[in-house]
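Presented below is the structure to which this report refers.
The sequence lines fix the lettering, A, B, ..., with proteins before strands; numbering per chain opens at 1.
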Amino acid sequence: MLQEAHMREDIIGQVREAGMNRRHAWRDVLGTMIRDSKEKQRIANELGINPITLSRWTNEDSTPRPQNLQRLLQALGTPQRNELVPLLLEEFPEGAPLFLQEDRHDATSARIPPEFYERVLDAYTQAPDNQRFYTVSNLVLQQALGHLDPNSIGLSITIAQCVPPSTDGKIRSLREVAGRGTKPWEPVLQPEILFLGIESLAGFTVSRGYPFTINRGDTAQGMFPVQWVDWEQCAMAAPVMHKGCTAGCFLVASAQPDYLLSFRRQLVERYAQLLVLAFSPHEFYAQEDIMLFVMPAYNVQQAHPVHFRQRLAALMLEATQGGTPLSLMEAEQFVLKQCEEEFSRLNASEFNKPLSPTNFLER
Amino acid sequence: MATQPPDPVQENDNTYLIDAESATEMVRLANQDRLITEAMGGVFPERPGLVGITRILDIACGPGEWTLQVARAYSQQHVQVTGVDISRTMVDYARARARSMELDNATFEVMDATKLLDFPDGSFDLVNARFIAGFLSTAAWPSFLQECVRLVRPGGIVRLTEPEWGTSNKPNLEQLSRLILLAMSRAGKTFTPNGSKLGITDMLPRFLGQAHLVDVQYLDHILVFDVGTPAYEPFTENIRVGYMLVKPFLLKMGVMTEQEFERTLQDTQIEMLAGDFQGSMPIRTAWGIKPAV
């Protein structure tokens, strides 16, 4: 506490001693940081804003709220943060309590224990093909939930997988296939027959190929696709990618606003990387093949019975009696495609055209 | 069914039905433990207050799901829980989970539950063991109980939880269950002469009494996994994965051929998808108190 107070005094002293109008200085520094488009995108994703907004800040076309500036600082590394703080205080002296608050979670909190990587690798190498997803996904979900929410204050984590393509070779939607939670969510989330298209956070993220975070209270969230459900106050999706191809994404939602601080976002991305090992190579799809439909809202899908289990049983029975038995996984994929087709036709015809993230935002 | 029984199995064969070092089995056990605890209404449904108990031993803890749940639930009461298991894979996993959950009141050690455990007499207020009939031979139960009694302090509790094999309304699933029980019978792990059922739940109160524990009581639970129940999806998945993992044991015990297994497994998977599927598994917890000196 005493050390923080001295640091605070030092910084405020720097600000007073400057003695010149440096109103534009922080914007110049930020402008330099975001000259690299990837860094600009990363920072925008962490803040849950459009990259254009960062440019508007640096051009003085808009003025950010102190809360957003605090999130900006949390998204930066220590040297950049230290450079920016005194400059921000020039224009926003009232933001001192926010800007000078230490992020008490150091780098170790964002690190997955090395022995866990070993465990996942062991599972990956030992498990037969038909048990690999079950083993690796369960291990990762178990570990991730305990790591991201050790105090059980309310988190759900889910794996959403691309629904295999039909004859045109394109991915039209994703589906949640496994999940865990802490209260108010159930410990094990039962996957429903719900399809996630471009209108969803998962679909939006997978289409872009970048992680994305959003808060429910964020005034800008109306621009981005999200269907808030139940107790969600903030959410993040990180694509599960290998060599530029995507199998799905890792979804995290918290019952606490602003829970997904920068170190937790790093963790989500790292667990998404580990989830690569849960999928088989043929389950990854090139970005150009991901052309998601707009799927109906969750309540519309839930109200439309698909009798999934009965169709699965009938298909497996027919195949067995015909002498060419299907595995449960093969039969599931076939029936899923049928259901996806039905749900995509539920929407008005204009929504059945595949959308990229760009023209979705332009709508 | 053209099968031959294997060579006579040693009565003291305490080998687990499934590879104890398998990561898939570790995951399956963790999921199953969670389901069982939920079906039972908590980690200690018969004594939720856990009065007077601060040192707990969980024998054959597996991946530590129950142990960690106890540690978390009773951390404010300064309860210290120790889990032991023969599997290095399971113990390492349980330790790592304890660290990531920031539970410093849960510790884990590698030990063989069929041998003397490396703790002094009377080290614990409560000794617990759940679902150990999968590896403990019928002949080994009395000596196992003796070791539990040694480890618990006078006035302490020995607590055992075991299932009876589940039943369903589907013929192929029932056939597979019968064959697994037959295999377990050949391996010396069932208390019925022909493996018609496990028979361990009836034996628990007797074993506790034979070990000179007093105030022996028991509480019965049932895990229902009919279609439409919360346990349906996770428990039928547990069955599917478990049966795949137990396949080597079934083949070794000569109760079916590989082809017969694959066909029966396929048929049971179809049956479990039926809209009228019903299944349940009885569970019994029995406990007794070590007399005060």
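Expressed to the nearest 0.5 Å, how far CD of B/E262 lies from OG1 of B/T257 amounts to 9.5 Å.
Remark: the A/T182 side chain and the A/D149 side chain contain an N/O donor-acceptor pair separated by less than 3.5 Å. With hydrogens and angles left out, the side-chain atoms of B/N238 and B/N31 include no donor and acceptor closer than 3.5 Å.
Using a 4.5 Å cut-off between heavy atoms, A/P187 touches chain B through its side chain atoms alone. Of the atoms belonging to B/D92, heavy atoms from both backbone and side chain fall under 4.5 Å from chain A. Proximity to chain B is limited to the backbone of A/L326, based on heavy atoms less than 4.5 angstrom apart. Heavy-atom distances place the side chain of A/R180, and not its backbone, under 4.5 Å from chain B. In this structure, chain A has a heavy atom under 4.5 Å from the side chain of B/Y232, while its backbone stays farther away. Neither the backbone nor the side chain of B/E271 comes within less than 4.5 Å of any heavy atom of chain A. Looking at A/P113, there are no atoms closer than 4.5 Å to chain B (heavy atoms on both sides), in backbone or side chain.
Per-residue counts of heavy-atom pairs under 4.5 Å with chain B were compared for A/Q310, A/Q190, A/H307, A/Q126; the largest is that of A/Q190. Each of B/R72, B/R263, B/E25, B/E38 has some count of heavy-atom pairs under 4.5 Å with chain A, and the biggest count is that of B/R72. Counting heavy-atom pairs closer than 4.5 Å to chain A, the top residue among B/Q266, B/Q269, B/E233, B/M272 is B/Q266.
Aromatic ring centres of B/F131 and B/W66 lie farther apart than the 6.0 Å criterion allows. Checked against the 6.0 Å centroid threshold, A/F195 and A/F343 count as a close aromatic pair.
A perpendicular orientation is assigned to the rings of A/Y271 and A/F250, their planes being inclined by more than 60° (bins at 30° and 60°).
Contact check on A/R311 versus A/E342 returns a salt bridge, with a Lys/Arg side-chain nitrogen under 4.0 Å from an Asp/Glu carboxylate oxygen.
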